[in-house]
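Only a predicted model underlies this, so the values are computations on that prediction, with no experimental measurement involved. Naming: A, B, ... by sequence-line order, numbering from 1 per chain.
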Protein chains: 2
Amino acid sequence: MANHYDITEYKNPLFTVDSVLFTVQEGALKVLMVKRTSEPFAGRWGLPGGFVNVDIDDNVGMTALRKLKEKTSVAPQYLEQLQTYSGVNRDPRGFSVTLVYFALIAEAQVSTHIATVDDAKWIDLNKLTELPVAFDHKFIIEQAKERLKQKALYSMIPVYCLPEHFTVGQFKLVIETILGKPVQRKSIIRRIEAADMFEKVDEKVKSGGRLAQLYKVKPDVDIVNFERNLSV
Amino acid sequence: MANHYDITEYKNPLFTVDSVLFTVQEGALKVLMVKRTSEPFAGRWGLPGGFVNVDIDDNVGMTALRKLKEKTSVAPQYLEQLQTYSGVNRDPRGFSVTLVYFALIAEAQVSTHIATVDDAKWIDLNKLTELPVAFDHKFIIEQAKERLKQKALYSMIPVYCLPEHFTVGQFKLVIETILGKPVQRKSIIRRIEAADMFEKVDEKVKSGGRLAQLYKVKPDVDIVNFERNLSV
DNA sequence: ATAATAGTGTCTATAAGACATTATGTA
DNA sequence: TACATAATGTCTTATAGACACTATTAT
């Protein structure tokens, strides 16, 4: 082919796909970390991820899902691209590029699986400083957390940390955990109504007081973005 | 090294960096396109970009800047990551990954340079359908445009399509061009004051009526995000 | 004086915050 | 009955939209 651009002339950067999978468990924001068995940073904890397998992955989103499934056994309820991190110094093997995904899941969906493996576990974001972490993953997790906090202000994505059926009280707790501050129950109810993403389940559950209405996400709805943030 | 992960075992995906550089010129939103001289898609128009040169690029942001500088001679006033696009079918050479940046520049900064080269030109977004475009770049440009519109609702980034000194009237025109609908002059003035990103220049310019106050961006300020969108 | 654009004043509309009130469950 | 949590009602607050009004320039 004339003018064919021969890629073998170029040193290709190392390309990997990692994911920051968040959940809310016992009123704490947690992130899934994996104990590394191979160099570099063997023995330290890092984000679940790895290399693209061009023979089985149709695109890099599938790489992220495949690697997450290896650790959790299921696909996350929410997945979007966060950012790409790159540099000549972030990996001792040379110039590296990591595409990082940002994911949410209900803890109950994966708790039994996580409990059975010993190389993956939920790390409380407030205890991340104590953990020996590989690469720049601590920094990446902080950026992912900021994105999550921002999105929690103008969208309902925190619902993807909840089980299929959930109450307003549970929703409130998840949002408050993510934001690190209280929000008005009334504001959440108003948004549940305005978003038109949710429907009442014909069932109520105990709550310590009056029975609480259960809600679920309507099938095949998209995330609604509000025009205003909750107050910061 | 024990457990060293040998990357030569893996077929590495093709990794490139492209940029969607927008400007506003004569009341129209335009994007910088480059005529491709090499395969694939030789002769078609594509986004400015190319392969990382790991010997001279410290990170992929520098790749984007280097490639843009080749076409415009200057660095854009605003640059951020848009998204990564990937797939086994988007490039005939095989599985490819493109990290796309999203950039803004004042047209006056580059007009003379663009005029001297014949492989790069500004394409009106409304005339993009007529142009033979390489890869999935048409789709990518549409997504970049959506991001720009969204950001114009809650931030002042459209200012990066303006020259160093600008009037409220010019700012208004740029925002309206990006959003494709009129906005209240008053709303812009309110945000200019609230953002605390701008300062008055001790100079006014002709406008067809009363002289218009010039503004400029304060040095080293960050972009302010508002808690509310302009109305959609 | 007239037209044109800049800039201000101010009323309305919308959605979030605050918080009192009512509802309904358990101990 | 006491208490706890759910759910509603409603007043306040903040900021954008609408638009009238004033200011200043050129012709």
Side-chain ion pair, Glu227(B) and Arg228(A), N-O less than 4.0 Å =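 No, Glu227(B) and Arg228(A) are not salt-bridged.
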
Protein-nucleotide distance ([X], atom [atom1]; [N], atom [atom2]), rounded to Å:
| X | N | atom1 | atom2 | answer |
| --- | --- | --- | --- | --- |
| Arg210(A) | dA2(D) | CZ | P | 21 Å |
| Ile192(B) | dT8(C) | CD1 | P | 11 Å |
| Tyr154(A) | dA15(C) | OH | P | 18 Å |
| Arg190(B) | dA14(D) | CZ | P | 15 Å |
| Lys204(B) | dA4(C) | NZ | P | 22 Å |
| Leu179(B) | dG17(D) | CG | P | 10 Å |
| Phe226(A) | dT14(C) | CZ | P | 17 Å |
| Ile189(B) | dT10(C) | CD1 | P | 16 Å |

With side chains defined as the heavy atoms from C-beta onward, is the minimum distance between [X] and [Y] less than 4.5 Å?
| X | Y | value |
| --- | --- | --- |
| Val97(A) | Thr84(A) | yes |
| Arg36(B) | Phe135(B) | yes |
| Lys71(B) | Asp119(B) | yes |

- Which residue lies toward the 5' end of DNA chain D, Gly208(A) or Lys200(A), if each is placed at its nearest nucleotide?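 Residue closer to the 5' terminus by nearest nucleotide: Gly208(A).
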
For Leu214(A) and for Asn229(B), find the nucleotide of DNA chain D with the closest heavy atom, then tell me which residue's nucleotide is more 5'.
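On the 5' side of the pair lies Leu214(A).
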
Are any of [X]'s side-chain N or O atoms less than 4.0 Å away from OP1 or OP2 of [N]?
| X | N | answer |
| --- | --- | --- |
| Ser187(B) | dA16(D) | no |
| Gln184(A) | dA16(C) | no |
| Arg185(A) | dA6(D) | yes |
| Ser231(B) | dA16(D) | no |
| Arg191(B) | dA16(D) | yes |

With a 4.0 Å cut-off on heavy atoms, is [X] in touch with a base, just the backbone sugar-phosphate, or nothing at all?
| X | result |
| --- | --- |
| Glu227(B) | nothing |
| Lys186(A) | base |
| Leu230(A) | sugar-phosphate |

Query raised in the report: More than 12 foreign heavy atoms under 6.0 Å from NZ of Lys172(A): is that the case here?
Result: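 More than 12 within 6.0 Å, yes.
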
| 5' precedence on DNA chain C between Gly169(B) and Arg228(B) (nearest-nucleotide basis) |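 Its nearest nucleotide lies further toward 5', so the answer is Gly169(B).
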
- Item | Side chain of Leu211(A) (C-beta onward), nearest among dG7(C), dT14(C), dG25(C) |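 Closest of the options to the side chain of Leu211(A): dG25(C).
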
